[in-house]
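Below, each value reflects all heavy atoms present in this structure, side chains not excepted, and no hydrogens, waters or symmetry copies.
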Amino acid sequence: MTDRTGDICSDDWQRLITAREMYARSSGIHYDETLHQVAQRAQSEGSIGKADIGALLLFKRLRADTPWARALMTTADTAVRQATAAAPHRMAVYDRRAHTALSSLGISLTHATGRYSRYIAALDDLLSQAPSPAHAWTPRDLDIALYCLPPNSAGMGSA
């Protein structure tokens, strides 16, 4: 199976917009503080380091005993900063719920190497077509909408 990106219909955009609004109402202003602090630091420094990634791991309660986490911990912070200097303003969380929501919208990501880069590319593609008010969203806003997106009662979204 290969990745599939594409357009989503206005009904699916409305579902995403509603999900993002529900998240904002229910999570409170402090829930994403860690992410915002890391994003601000990344913006001012031009990259993120291992301490920033560690903060995000704690924030998202991810397992630190995975192969990618071990690889991260054995990589020099300067190398991590070089790799993340490309676009710190484009950070977004990728998790099982975002993956499932994308699939429900007809956008698939395989588990092949480079999945996060393909995920960000899919978010960029969606945001380039977004209607108001989502046209002003960041990738983080879209990942929140994906995380909160209720299942489509009709099954798969249209692409």
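Under the 4.5 Å side-chain heavy-atom criterion for ILVMFWY residues, no single connected hydrophobic cluster contains both M22 and L142.
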| request: Any chance you could lay out the side chain to side chain contact (heavy atoms under 4.5 Å, CB included) test for R15 and T18, step after step, and finish with the verdict? | output: CA-CA 5 Å; R15 291 175 57 224; T18 300; 5.9 Å; no
| side chain to side chain contact (heavy atoms under 4.5 Å, CB included) between T84 and E45, intermediate numbers included | CA-CA 11 Å; T84 62; E45 294 182 19; over 6 Å; no
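Taking E21 as the reference, nothing meets the salt bridge (Lys or Arg N to Asp or Glu O under 4.0 Å) condition, with sequence neighbours excluded. Legend: residues meeting salt bridge (Lys or Arg N to Asp or Glu O under 4.0 Å) with D11, ordered by chain and number and at least two apart, are absent. Among residues two or more places apart in sequence or in another chain, the side-chain hydrogen bond (donor to acceptor under 3.5 Å, both in side chains) test is passed with T78 by none.
The heavy-atom pair separating L126 from W13 by the smallest distance is O-CZ2, 3.1 Å. Closest approach of A98 to L146, counting heavy atoms only: CA-CB, 4.0 Å. In plain terms, the two heavy atoms of L16 and W137 that are nearest each other are O-CH2, 3.6 Å. The heavy-atom pair separating A92 from Y116 by the smallest distance is O-OH, 2.6 Å. What you find for M91 and P139 is that their closest heavy atoms are O-CB, 4.1 Å. In plain terms, the two heavy atoms of I17 and P131 that are nearest each other are CD1-CG, 4.5 Å.
Using cut-offs of 30° and 60° on the angle between ring planes, the pair H111 and H99 is parallel.
Side-chain contact between I120 and Y94: absent, with no pair of heavy atoms (C-beta onward) separated by less than 4.5 Å. Two residues are said to be in side-chain contact when any heavy atoms from C-beta on lie closer than 4.5 Å; L149 and L105 meet this criterion. Side-chain contact between R115 and T110 is absent, with no heavy atoms from C-beta onward closer than 4.5 Å.
The backbone N or O of A101 sits less than 3.5 Å from a side-chain atom of S104, completing a donor-acceptor pair.
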